[in-house]
**Q** 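Got a structure for you, written out below as structure tokens; questions coming shortly.
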Amino acid sequence: MRRIKYNILRWLTVAVSLVMTVAFCLLLLYMGSEEIRKAESYADTEKKYVELLLSCRAALNSTEKSFKSLQINIKPSAVNLLIDDSAGLRRHVNSLASQETKRTSRSFTFDSRLKDLAAALSSAAMALQTDLSEAEPETQLLIKDAVAEMADLIYLISSELQERLNIELDHVENWQNQSLFFFDRLEVTLVSFFVISTVSTSLAFLISGHVLRRYLALLTRGAHEISSGNLAYRFDDQTNDLIGGVMRDFDSMAGKLGAQTRDLKDINIKLRQKADELEQANMHKDKFLSNMSHELRTPLNSIIGFSDLICANCANYSPEKTKNHAEKILSAAEHLLELITDLLEIARIDSGMFAFEPETFEIDETVSGIIEMLQPIAQNKGLEISFNSDADRVQVVADRRLLRQALINIVGNAIKFTGEGRIEVNVRSNRRFFSIEVSDTGIGIQKNKIKNIFKDFYRVEQSLTSRYDGVGLGLTLTKRIVDLHGGRIRVKSKYGKGSSFVMRFPVSTGIKGQKKTKGEQDEKS
């Protein structure tokens, strides 16, 4: 019963509103079409009449111009021109009089007078032509009289036309008043429709509001049951309308809430899986520590072993042999120090606690100093190392110590992995950037390995690097340093033919480079 009343009321309200709207629109269309039809007919007739009236005015202007020329110099050619213009004026006036008969509620007095005046002007012009052709003295007086008569006729015609134009302006005002009357009637119709619509809509809202409150009470009770934890609650007697849709939504929400319990169980399972993954990550950490322990033990064992030998046999060892063992101890200690230093530098940069210390210096002088330092190592391997620069006395702002460390890593790798050939170091600069390119003719890097060379502890495949020392931290540290300065590093390599590393820095770097380092850390994580 409840459902039938609500639906009937709802559809009845819609139907009444539609009927009233359609009836009102049809009434407006009928009134508007009748007025528009009348307006179109009137406007078409009036337009033609006004066009003819304006053409008469234009013809009169032409006639007045011809007459003024005649007054200045009375000669046959001027008379002929006046005859032609007056004939044209007469034709336009006749057309105006013909159009006047098509208009309703109009007087033909003005147009009749215009016809008479135009005919008289044309006749006077022809008479003047006749008098002008006669050479008798008495005709001169007739010519003057004819000119005066034509002046009077032109003045009368001009007055009649002006009076006619003024009357047409009054007719326009009358038509405007008639249009305003139409809009007044339209306004009354609109107000009536508004009043009727307001009353009917108010009644419909009062009745439908009463019915709707009953449904809202049902919805409130159901919402209370569901919010209290009774997820098995369902609405009975659901209707196929908006209220029924809300009830179905509540039932669906209760079902989803029930399903969330199962989802929570699934989430707990996923949390356990995440815990397992964290345990695996912990195992990876242990593996990392194990590898680091191995890398640290190797030089430490070497140091301890040779130190024991020296201590146990120092009395029997010759100075040369003692020196040889001491050099091996020194080499192992330097290797251990290098490893620990690189690890500490990477950890400080990744943690964001690194103290960036920019200073102004000449990049060309710094690079050449590093090459001079590494020149003996290259010469011991029979390698040629060259340096070219277009950055003579170019001042840059950067952390000199870090920049030196990065360049030492790159050039040191070039020397390490080049058996024979040459190494080239080129420095280029402009207003905003400077770049350092290190090229070698060494073993090169396979294309699929280039993307991994900056990862921690990554080394190129073992078969090629088993005779090279290092743990894969040099390039990692170099990448961190370049990022810290807001720069970029690019690698080009041909396997078996050599590699080229290009480090590009802004001429003036700042603390914002540290933020890029953190971004790099997030990217790696």
Side-chain angles (χ1 to χ4, degrees), residues 342 345-352 354-364 366-368 370-371 387-391 394-414 417 423-440 442 444-460 472-495 498-525:
D342 288 348
E345 291 285 356
I346 292 174
R348 289 169 62 195
I349 292 175
D350 287 345
S351 65
F354 184 82
F356 188 70
E357 300 177 354
E359 59 179 301
T360 303
F361 57 93
E362 294 183 5
I363 184 61
D364 188 72
T366 301
V367 176
S368 63
I370 294 172
I371 293 175
F387 172 58
N388 298 301
S389 174
D390 64 357
V394 172
Q395 299 286 326
V396 300
V397 180
D399 191 311
R400 189 200 297 241
R401 183 182 64 84
L402 289 181
L403 198 61
R404 283 172 54 86
Q405 182 63 50
L407 187 57
I408 289 172
N409 290 343
I410 296 296
V411 178
N413 278 351
F417 294 106
I423 297 168
E424 294 183 0
V425 180
N426 298 308
V427 178
R428 301 287 182 266
S429 69
N430 53 36
R431 292 183 181 178
R432 298 174 56 193
F433 298 97
F434 71 92
S435 63
I436 304 173
E437 181 179 4
V438 180
S439 303
D440 61 62
I445 308 171
Q446 293 178 347
K447 188 175 181 179
N448 60 340
K449 303 293 184 181
I450 292 178
K451 61 181 180 181
N452 298 320
I453 62 175
F454 295 109
K455 293 182 178 179
D456 297 348
F457 298 100
Y458 182 83
R459 301 176 67 185
V460 204
L473 290 176
L475 289 179
T476 301
L477 179 58
T478 299
K479 179 68 164 57
R480 298 288 206 285
I481 292 173
V482 172
D483 291 341
L484 187 65
H485 284 79
R488 296 178 58 187
I489 183 169
R490 294 184 293 107
V491 183
K492 296 180 181 179
S493 182
K494 290 185 179 181
Y495 185 60
S499 304
S500 174
F501 287 77
V502 180
M503 296 181 291
R504 186 170 183 260
F505 302 90
V507 171
S508 179
T509 59
I511 300 300
K512 67 178 181 178
Q514 289 180 313
K515 297 181 180 179
K516 294 189 177 183
T517 302
K518 290 182 180 179
E520 174 67 17
Q521 181 180 359
D522 294 339
E523 181 181 352
K524 290 179 70 63
S525 62

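Atom set for the values below is all heavy atoms of this structure, side chains included, hydrogens, waters and symmetry mates excluded.
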**Q** Please report the closest heavy-atom contact between S493 and G498, naming both atoms and the distance.
**A**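 So the minimum-distance heavy-atom pair works out to OG-O, 3.2 Å.
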
**Q** Going through the distances and angles, do D440 and F417 end up as a side-chain contact (heavy atoms from CB on, under 4.5 Å)?
**A** CA-CA 9 Å; D440 61 62; F417 294 106; over 6 Å; no

**Q** Enter the distance from F361:CZ to D399:CG here, rounded to the nearest 0.5 Å.
**A**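 The distance works out to 8.0 Å.
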
**Q** Testing the basics here: between N409 and G474, what is the closest heavy-atom pair and its distance to 0.1 Å?
**A**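 Shortest heavy-atom contact: ND2-O, 3.3 Å.
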
**Q** Knowing that exactly one of V491, T478, L477, V482 qualifies, which makes a side-chain contact (heavy atoms from CB on, under 4.5 Å) with F454?
**A**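 Of the listed options, the one satisfying the test is V491.
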
**Q** Heavy atoms, side chains only, cut-off 4.5 Å: are V438 and I423 in contact?
**A**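 With C-beta onward as the side chain, the pair touches.
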
**Q** Please find the pair of heavy atoms, one from D483 and one from K479, that lie closest to each other, and give the distance.
**A**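 Closest pair (atom of D483, atom of K479, distance): OD2-NZ, 2.8 Å.
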
**Q** Is it the case that over 12 heavy atoms from other parts of the model lie below 6.0 angstrom from the CZ atom of R428?
**A**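 Yes, because the 6.0 Å sphere around CZ of R428 holds more than 12 heavy atoms from other groups.
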
**Q** With rounding to the nearest 0.5 Å, note down the distance linking CD1 in I489 to CZ in R504.
**A**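 Atom-to-atom, I489:CD1 and R504:CZ are 13.5 Å apart.
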
**Q** Hey, could you give me the CD1/CD1 distance between I436 and I370, rounded to the nearest 0.5 Å?
**A**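 So the CD1 of I436 and the CD1 of I370 are separated by 7.5 Å.
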
**Q** Check each of K492, E424, E437 against S500 using the side chain to side chain donor-acceptor pair (under 3.5 Å) test, and report the only one that passes.
**A**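 Of the listed options, the one satisfying the test is E437.
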
**Q** Just how far is it from atom CG of N452 to atom NZ of K449, taken to the nearest 0.5 Å?
**A**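 N452 atom CG to K449 atom NZ measures 7.0 Å (nearest 0.5 Å).
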
**Q** How many angstroms lie between CD1 in I410 and CG in L475, if you round to the nearest 0.5 Å?
**A**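 One gets 5.0 Å once the value is rounded to the nearest 0.5 Å.
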
**Q** Show your reasoning for whether side-chain contact (heavy atoms from CB on, under 4.5 Å) applies to L407 and L403.
**A** CA-CA 6 Å; L407 187 57; L403 198 61; 6.0 Å; no

**Q** Which distance, rounded to the nearest 0.5 Å, do you find between the CZ of R404 and the CD1 of I408?
**A**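 That separation rounds to 5.0 Å.
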
**Q** Which word best sums up how the rings of F505 and F434 line up, parallel for under 30°, tilted for 30 to 60°, or perpendicular for over 60°?
**A**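 The rings of F505 and F434 lie parallel, inter-plane angle below 30°.
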
**Q** State, to 0.1 Å, how close A406 and M503 come at their nearest heavy-atom pair, and which atoms those are.
**A**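 Smallest heavy-atom distance, with atoms named: CB-SD, 4.3 Å.
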
**Q** Treating S439 as the side-chain partner and F501 as the backbone partner, does any N or O pair qualify as donor plus acceptor under 3.5 Å?
**A**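 No, S439 side chain to F501 backbone: no donor-acceptor pair under 3.5 Å.
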
**Q** Under 3.5 Å, is there a donor-acceptor pair between the side chain of D390 and the main chain of S429?
**A**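 At least one qualifying donor-acceptor pair exists.
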
**Q** Looking only at non-hydrogen atoms, find the nearest pair between P506 and G486 and report the distance.
**A**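 For P506 and G486, the tightest heavy-atom pair comes out as CD-O, 3.7 Å.
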
**Q** Can you name the nearest heavy-atom pair linking T360 to R400, along with the distance?
**A**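 Heavy atoms of T360 and R400 come nearest at O-NH2, 4.4 Å.
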
